[in-house]
There are 2 protein chains.
Amino acid sequence: MRMDERKQKVLAAIVQDYIIGGEPVGSRSIARRYNLGVSPATIRNEMADLEEMGLLEQPHTSAGRIPSDYGYRYYVDCLMAPEELTAAEKEYIQRRYKQKMHEFEQMLEETARLISEMTAYTAVALGPNQKKAYLEQVQILPVQLSGKALLIAVTSTGLVEHRLFTIPDNTTEEDLQRLSKYLNDSLQGKVVEDIHRSILQDLYQEVIDQRELCNQVLEILRQVLALEGSKKIYLEGAFNILSQPEFKDLERVKKLLAFLEKEDALRRVFASTPEKGLSIRIGQENKHEGIDRCTVVTIDYNVEGKVAGKLGLLGPTRMQYSRVISVMNCIADCLSRSLQQFYR
Amino acid sequence: MRMDERKQKVLAAIVQDYIIGGEPVGSRSIARRYNLGVSPATIRNEMADLEEMGLLEQPHTSAGRIPSDYGYRYYVDCLMAPEELTAAEKEYIQRRYKQKMHEFEQMLEETARLISEMTAYTAVALGPNQKKAYLEQVQILPVQLSGKALLIAVTSTGLVEHRLFTIPDNTTEEDLQRLSKYLNDSLQGKVVEDIHRSILQDLYQEVIDQRELCNQVLEILRQVLALEGSKKIYLEGAFNILSQPEFKDLERVKKLLAFLEKEDALRRVFASTPEKGLSIRIGQENKHEGIDRCTVVTIDYNVEGKVAGKLGLLGPTRMQYSRVISVMNCIADCLSRSLQQFYR
DNA sequence: ATTAGCACTCGAGCCCAAAGAGTGCTAACA
DNA sequence: TGTTAGCACTCTTTGGGCTCGAGTGCTAAT
């Protein structure tokens with residue numbers, strides 16, 4: 001069966017109506033609301049064809065049609081007209097990025113919040129992949145009043161990790177300084193994922209005095225760097241989905257929320273889109289259980305022309321695709337520019 | 001009407017049965033399950049009295065009784081037998097605190113998770129009130145590779161705040177060092193809430209060269225300290241409430257989740273219990289909208305004998321009070337001890 | 001003071017009928 | 001050959017009416 005122009009129009013009409021109304025769309029309402037110049041009967045025939053082609057589904061015999069996952073896919077790929085954001089909306093987004101943002105983390109959190117707010121779906125922001133970043137600085141800072149010290153690591157992506165620890169008794173401030181300098185000299189500029197345990201072991205071999213201190217510091221460093229590897233993830237608007245009629249069923253909600261609670265699952269789903277730029281996964285294209293009736297949209301954000309991390313969106317397959325795409329594009333763009341400024 | 005012993009027994013029986021079963025309790029089942037030595041009819045009379053006294057409620061004429069907020073209150077204050085945790089449970093909690101905890105924040109997060117896990121309600125952990133902490137250390141650290149610097153502030157509660165910023169062009173490393181030393185000398189040991197803008201202004205007056213740098217740093221410091229003031233809050237198990245039968249109603253769930261999403265409201269509710277030690281707010285005793293059908297339990301945790309912060313729990317008024325109290329006591333205790341160790 | 005007995009109330013569950021939306025098919029039409 | 005009007009059919013939704021069961025409150029007897 002061929003996909004002629006009228007079929008396309010009918011499909012687009014059904015998808016659009018269904019996205020707005022959330023209820024199966026019948027032939028009559030299409031004929032009334034769209035001027036296709038044909039009768040409901042003709043549209044019924046087209047709908048039957050579209051169903052046979054796998055683009056539409058019928059919840060039950062006497063209901064209208066709803067788009068299948070493939071139907072949405074075809075709509076997104078071939079039919080959808082891009083919806084521009086209004087000037088006011090664009091400006092609003094930009095204004096949100098104009099306020100003081102002090103740290104990378106805060107920007108991501110704010111971004112997730114903004115996405116969730118503007119789309120009323122659930123938003124996710126993933127930090128940059130730290131494994132490919134390099135260490136800008138490692139330093140041990142004695143905290144004078146408490147007999148403790150602070151280990152600080154700064155990476156090229158602007159993330160700062162720190163850890164307080166208690167200094168062994170027989171350690172002088174000088175020892176700390178020496179070790180700090182030594183560590184920094186050895187590790188500065190190194191790519192994070194290259195700093196294996198073995199490299200740290202080598203360091204350990206070379207520093208012969210202050211075994212206890214050294215031991216402790218290296219262990220902490222190892223942990224801190226491992227932590228950096230696992231990207232941080234910011235989740236906002238998880239409760240938005242409750243407003244979606246497709247989640248009237250509590251069981252489904254529970255499954256979805258259970259999924260959202262598992263950070264690693266979340267990370268896997270959102271980080272695993274291989275495409276560059278914008279990616280849309282509709283319904284069963286998502287392989288993870290619990291989100292097979294959802295659409296996942298992700299988009300890269302960049303720093304200095306290179307992909308830094310991802311922004312994501314989770315909503316029902318019945319999603320306002322064209323609006324969402326505009327929003328994601330605009331926000332990713334603004335974030336990238338803000339970060340650019342941030343890093344200069 | 002007086003509260004004689006039999007009334008107490010009947011009330012206790014009803015509360016207990018209702019907590020377990022979640023369904024209105026009838027006179028027959030009380031007579032059967034508890035050996036009160038009287039017939040259902042007598043119990044009915046007592047129940048009618050208890051209802052008149054405001055301790056019980058009837059959902060509708062032909063249903064059993066359920067406890068009112070006052071009923072729960074009376075039960076908690078006068079009737080409830082403390083339920084000891086099993087040895088295994090106690091041990092489990094202790095073991096959870098034996099694993100490596102590197103930072104204050106992590107301990108709180110883990111604590112919230114533990115509470116939520118052991119009670120199946122929603123848990124909250126509030127960081128210590130930073131306003132009364134003093135500054136242990138302020139330091140500016142140049143980050144060599146990027147032309148930036150890191151401002152670090154460590155408080156006596158072990159919280160570390162940091163902020164990356166770009167160094168003005170004409171600034172040397174020496175300038176940074178000088179300013180860092182000067183700041184630290186001036187502010188070290190000062191109580192956070194005493195460091196107003198005016199003190200910072202005074203500093204500003206004294207440092208005459210490097211205006212731009214100084215300006216920037218002081219502004220950042222001000223922000224960072226303000227941030228410290230607003231306690232961090234850790235929320236876990238927000239989705240647990242979905243399993244509670246009283247939240248079958250989606251509308252109610254939405255309201256509650258909306259409340260949980262607003263950090264400041266949350267903070268207000270959980271931080272505002274004036275009592276020392278354990279506090280239980282039942283139903284309408286909670287003044288905040290959306291949680292008038294919930295019970296909020298909070299408990300202090302201590303460091304060096306002084307109240308440091310609060311742990312909290314949110315569940316339906318139909319709560320396993322005696323278990324919850326044991327859990328909260330045990331966890332607050334373990335956390336306090338862990339923190340003690342952490343601070344030495 | 002307690003209790004047995006009994007009438008009464010109310011909600012849950014079930015069935016059934018009617019209404020309404022929408023379809024698929026057929027035959028007529030351009 | 002594509003389009004359309006007409007119509008029978010299907011399926012869900014809604015609401016009434018019914019019974020059943022749990023539980024109460026009252027009364028009168030103990």
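A, B, ... follow the sequence lines: proteins, then strands. Residue 1 opens every chain.
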#### Entry: ring pair (Phe, Tyr, Trp, His ring centres under 6.0 Å) involving A:Phe259 - partner list, sequence neighbours excluded
A:His288

### For B:Tyr72, ring pair (Phe, Tyr, Trp, His ring centres under 6.0 Å) partners two or more places apart
B:Tyr321

### Query
A:Gln320: what forms a side chain to side chain donor-acceptor pair (under 3.5 Å) with it, not counting sequence neighbours?
none

### side-chain N/O B:Ser39 vs C:dT3 OP1/OP2, d < 4.0 Å
yes

### Summary
Sequence neighbours excluded, the answer for ring pair (Phe, Tyr, Trp, His ring centres under 6.0 Å) partners of B:Tyr75 is none

### Message
Could you work out, with ring pair (Phe, Tyr, Trp, His ring centres under 6.0 Å) as the rule, every residue matching A:Phe247, not counting sequence neighbours?
### Response
none

### Message
Run the side-chain contact (heavy atoms from CB on, under 4.5 Å) test against B:Glu84 and tell me which residues pass, sequence neighbours left out.
### Response
B:Lys90

### Query
Which of these, B:Leu313, B:Val297, B:Thr298, B:Leu235, sits in a side chain to side chain contact (heavy atoms under 4.5 Å, CB included) with B:Phe270?
B:Thr298

### Message
Considering only residues two or more places apart or on different chains, which pairs with a residue in residues 64-74 of chain B satisfy salt bridge (charged side-chain N to carboxylate O under 4.0 Å, His left out)?
### Response
B:Glu51-B:Arg65, B:Arg73-B:Asp77, B:Arg73-B:Glu285

### Query
Considering residues at least two apart in sequence or located in another chain, which fulfil the salt bridge (Lys or Arg N to Asp or Glu O under 4.0 Å) criterion with B:Asp4?
none

### Summary
Under a 4.0 Å heavy-atom criterion, the protein footprint on nucleotides 11-30 of chain D, written with B, S and -, is BS---------BSBB-----

### Query
Excluding sequence neighbours, so at least two apart, what forms salt bridge (Lys or Arg N to Asp or Glu O under 4.0 Å) with B:Glu261?
none

Name the pairs: protein N/O against N/O of nucleotides 14-19 of chain C, kept only if under 3.5 Å.
none

### Task
Within residues 6-18 of chain B, find the residues that approach DNA chain D with a heavy atom at under 4.0 Å, and present them sorted by residue number.
none

#### Entry: Interatomic distance where CD belongs to B:Glu23 and C1' belongs to C:dG11 [whole Å]
12 Å

